[in-house]
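All residue numbers refer to positions in the sequence shown, counting from 1. Model, not experiment: these values are computed from the prediction. Below, each value reflects all heavy atoms present in this structure, side chains not excepted, and no hydrogens, waters or symmetry copies.
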Amino acid sequence: MAVTFNPKGYVPGKARSRSKSKRNFNIWLGGLLGVLFVAGLLSGFYFDWRYRSSLKELSKLRTENADISRRIKALEKDPQLYEEIARKKYGYVKKGERLIIFRKRR
């Protein structure tokens with residue numbers, strides 16, 4: 001068997017070794033992809049948490065909106081509710097009535 005000169009230095013049967021810079025590049029690329037993967041996971045968890053908290057807030061606001069709508073309809077149907085609110089919240093009295101305020105004992 002005759003051995004011939006190969007300008008690239010390839011010897012049959014011997015595994016080629018990668019250059020050091022190629023290995024360093026692959027390590028950096030793998031690290032970068034790992035960091036991007038972790039950042040993607042964290043942002044996914046964050047946006048999932050925001051979505052769920054927004055749904056809870058939306059549900060709470062819908063309940064509050066329904067309650068306010070019921071109160072508005074009740075005020076439209078029963079004008080005596082206005083009088084009740086004025087008496088309790090603002091301390092109004094009718095003509096001829098007296099308002100008595102009791103202080104709490106300490």
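Within the 4.5 Å cutoff, side-chain heavy atoms of Glu97 are placed close to those of Arg87. The closest side-chain heavy-atom distance from Phe25 to Leu29 is below 4.5 Å. The side-chain heavy atoms of Thr63 and Lys60, taken from C-beta on, include no pair separated by under 4.5 Å. Residues Val38 and Val35 fail the side-chain proximity criterion, which asks for heavy atoms closer than 4.5 Å.
By the rule that hydrophobic residues join a cluster once side-chain heavy atoms approach within less than 4.5 Å of another member, Phe47 and Trp49 end up as members of one cluster. A continuous path of ILVMFWY side-chain contacts below 4.5 Å connects Tyr82 to Ile85, so both sit in one hydrophobic cluster.
Taking the side chain to side chain donor-acceptor pair (under 3.5 Å) definition, one finds that Asp48 meets it with Arg52, sequence neighbours left out. Under the side chain to side chain donor-acceptor pair (under 3.5 Å) criterion, Lys88 pairs with Glu84, not counting sequence neighbours. With sequence neighbours excluded, no residue forms a side chain to side chain donor-acceptor pair (under 3.5 Å) with Glu64.
Of the inter-residue distances, the one linking Leu33 atom CG with Trp28 atom CH2 reads 13.0 Å to the nearest 0.5 angstrom. For the atom pair Leu41 CG and Leu36 CG, the distance stands at 11.5 Å (nearest 0.5 Å). One finds the CG atom of Leu61 at 10.5 Å from the OG atom of Ser54 (value rounded to the nearest 0.5 Å). Going from atom CD1 of Ile68 over to atom NZ of Lys73 covers 13.0 Å, rounded to the nearest 0.5 Å.
A donor-acceptor pair under 3.5 Å is absent between the side-chain atoms of Ser59 and the main chain of Leu55, judged by distance alone.
Here the shortest heavy-atom pairing between Gly40 and Ser43 reads O-OG, 3.0 Å.
Around atom CD of Gln80, no more than 12 heavy atoms belonging to other residues, nucleotides or ligands sit under 6.0 Å away.
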